[in-house]
Amino acid sequence: MTEFTIASFNVKNLIGPEQEYYRFEKYTAEEYAWKLDWMADQLMTLNADIVCFQEVFEDSALRAVIAETDARGQELNDAAVPGRNKPYRRKAIFRKLRYDPYDSAALAFAPNANDGPAGERRPGLAVLSRFGFEGAPEVVQDLSPAIEIPFHELTGADGGAYRLSRLSRPIMKVRVPVGGTVLTIFNLHFKSKLGEFLKPQGALFAPEANLLDYDAEGRALGALRAGIRRMAEAWVLRAMIVEELDRGHPVMVLGDMNDGENAVSSEIVTGEQPFVNYAWMRRHDAAGPNDRYSDTEARQIREDVERVRLHSAEKLFVRKSLRDMVYTAAFGGNYESIDQILMSRHFHPDNPERIGEMEYFSVLNDHLTDGSHPEAPYNKLASDHGQIMAHIRMRRGG
């Protein structure tokens with residue numbers, strides 16, 4: 001049986017030193033060295049076979065982190081892993097202690113199509129895989145033709161449409177061979193909750209950005225725009241997921257969803273949760289008050305809904321372990337999970353035809369603080385996200 005680990009790591013603005021990524025924001029050589037040091041420690045601790053990264057401005061900086069991680073991992077192996085001449089080298093504990101280098105791993109980077117000059121940079125994504133890739137990684141960001149999402153008023157009259165021609169950040173799709181199975185893995189970073197304000201032509205900033213002339217209504221409208229964009233991006237990803245599931249491919253989705261698991265955008269990605277029984281429900285074409293779905297039709301509906309659902313690794317772990325304290329982000333005193341690992345039912349423990357299942361779920365979040373508590377100082381150089389990892393055991397033949 002094959003075992004593997006898969007992780008999501010929002011690195012928070014990874015770029016080399018002395019490069020202005022956002023306006024007036026850059027790392028000194030010392031700050032960059034500190035960030036590289038911290039990231040190498042986190043990546044070595046994860047020691048994941050597959051890692052989906054978000055907020056990477058340039059792949060050269062990520063390659064430097066990986067190289068430093070390998071150097072430290074080799075030092076750890078030299079100190080903690082017995083040589084072949086030691087009779088106790090096969091003990092299970094040493095398999096857990098051993099670091100596996102990424103020197104033969106494949107790295108795919110997806111730059112952001114919205115990336116601009118210094119001060120107006122936009123980060124991309126990357127996927128690191130010890131198993132390599134099956135075929136070329138795919139990147140979706142520009143939508144051609146653009147998507148038109150129509151609206152109707154409650155009266156049925158035309159309500160206009162929302163048009164989406166480009167995602168705020170790319171979506172990466174890679175296929176990874178694990179054992180005898182090829183997994184389809186999506187890496188994502190949806191639009192944040194930061195308000196999307198319209199800057200008048202020729203102006204230096206949007207009026208809503210001026211907090212000395214606070215515009216509560218305008219800022220609420222900015223949050224609305226951001227929410228609509230995030231949900232539209234979730235729908236684009238959902239269509240890609242369903243296409244893979246229709247082909248019979250096992251699917252995993254990782255990344256920064258910028259929303260909690262019960263948000264509408266998250267539910268768009270995972271799909272509907274089916275009712276236990278649809279036989280009580282009045283038919284869509286009911287000709288009378290008691291015209292309901294049959295038991296056979298109810299089973300068909302449930303299967304159609306269940307087949308294309310995704311399941312949260314975090315929720316499966318909480319169910320399995322009775323733990324209730326998992327979070328990947330902290331802001332304003334609120335701790336929540338906005339980074340997710342989602343899996344198709346190919347990995348669900350209740351599915352008798354599963355090809356594998358999760359044995360454990362790891363969260364590295366001790367570095368997270370939001371500055372709201374004096375005993376927990378804020379460190380801007382570490383990531384503002386926790387790193388999450390699922391430990392998967394494939395069944396025989398998988």
Side-chain angles (χ1 to χ4, degrees), residues 5-48 51-73 75-76 99 102 109 121-128 169 187-190 192-194 254-258 314 325-341 361-389:
T5 48
I6 183 168
S8 181
F9 191 165
N10 184 317
V11 299
K12 189 189 179 187
N13 302 328
L14 179 59
I15 193 171
E18 303 300 340
Q19 297 185 65
E20 187 181 20
Y21 50 98
Y22 297 138
R23 191 167 181 239
F24 307 133
E25 295 289 338
K26 62 182 178 180
Y27 300 122
T28 65
E30 294 80 7
E31 288 172 332
Y32 172 73
W34 193 100
K35 188 172 185 69
L36 186 148
D37 174 82
W38 180 85
M39 282 189 59
D41 271 351
Q42 295 296 98
L43 190 56
M44 186 177 69
T45 300
L46 285 170
N47 195 20
V51 187
C52 292
F53 297 96
Q54 302 89 41
E55 294 199 26
V56 180
F57 284 98
E58 52 186 18
D59 60 342
S60 58
L62 181 56
R63 291 182 187 278
V65 170
I66 296 169
E68 178 63 23
T69 305
D70 278 352
R72 296 182 185 195
E75 291 180 5
L76 175 66
Y99 171 82
Y102 292 109
F109 174 61
R121 302 295 305 275
R122 296 292 181 271
L125 307 171
V127 178
L128 178 66
R169 303 177 182 94
N187 184 14
L188 65 96
H189 187 184
F190 288 155
S192 72
K193 294 180 181 179
L194 293 175
L254 295 90
D256 179 0
M257 303 185 73
N258 267 314
E314 176 188 318
M325 189 58 179
V326 174
Y327 59 88
T328 68
F331 186 76
N334 295 319
Y335 288 72
E336 61 179 338
S337 292
I338 62 175
D339 303 82
Q340 293 287 335
I341 298 176
F361 183 82
S362 301
V363 185
L364 305 184
N365 59 11
D366 285 347
H367 61 281
L368 286 182
T369 80
D370 64 351
S372 61
H373 303 289
E375 69 274 14
Y378 174 68
N379 190 328
K380 73 172 186 176
L381 298 178
S383 175
D384 53 352
H385 289 251
Q387 291 76 60
I388 53 177
M389 179 167 67

Would you name the heavy atoms of [X] and [Y] that are closest together and state the gap between them?
| X | Y | answer |
| --- | --- | --- |
| K35 | L381 | NZ-O, 3.0 Å |
| I66 | Y102 | CG2-CB, 3.7 Å |
| V65 | L43 | CG1-CD2, 4.4 Å |
| E18 | A29 | OE2-N, 3.8 Å |
| E314 | Q340 | OE1-NE2, 4.0 Å |
| Y27 | N13 | OH-O, 2.7 Å |

Is there a side-chain contact between [X] and [Y] (heavy atoms, below 4.5 Å)?
| X | Y | answer |
| --- | --- | --- |
| L62 | F109 | no |
| F9 | L14 | no |
| W38 | S383 | yes |
| D256 | F190 | no |
| L46 | L364 | yes |
| N258 | S192 | yes |
| L188 | L254 | no |
| V127 | V51 | no |

With sequence neighbours left out, write down each residue that passes salt bridge (charged side-chain N to carboxylate O under 4.0 Å, His left out) with [X], or none if nothing qualifies.
| X | result |
| --- | --- |
| E58 | none |
| R121 | D115 |
| D70 | none |

Using 0.5 Å steps for rounding, measure from the [atom1] atom of [X] to the [atom2] atom of [Y].
| X | Y | atom1 | atom2 | result |
| --- | --- | --- | --- | --- |
| E55 | H189 | CD | NE2 | 4.5 Å |
| L128 | N187 | CG | CG | 11.5 Å |
| R72 | M44 | CZ | CE | 7.0 Å |

Donor-acceptor pair between S8 and Q54 side chains, under 3.5 angstrom: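 Result is yes, a qualifying pair exists.
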Evaluation steps, side-chain contact (heavy atoms from CB on, under 4.5 Å), between F361 and I388: CA-CA 7 Å; F361 183 82; I388 53 177; 3.8 Å; yes
Evaluation steps, side-chain contact (heavy atoms from CB on, under 4.5 Å), between K26 and Q19: CA-CA 5 Å; K26 62 182 178 180; Q19 297 185 65; 5.6 Å; no
Whether Y22 and F57 hold their rings parallel, tilted or perpendicular, with breakpoints at 30° and 60°: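 Rings of Y22 and F57: perpendicular, over 60°.
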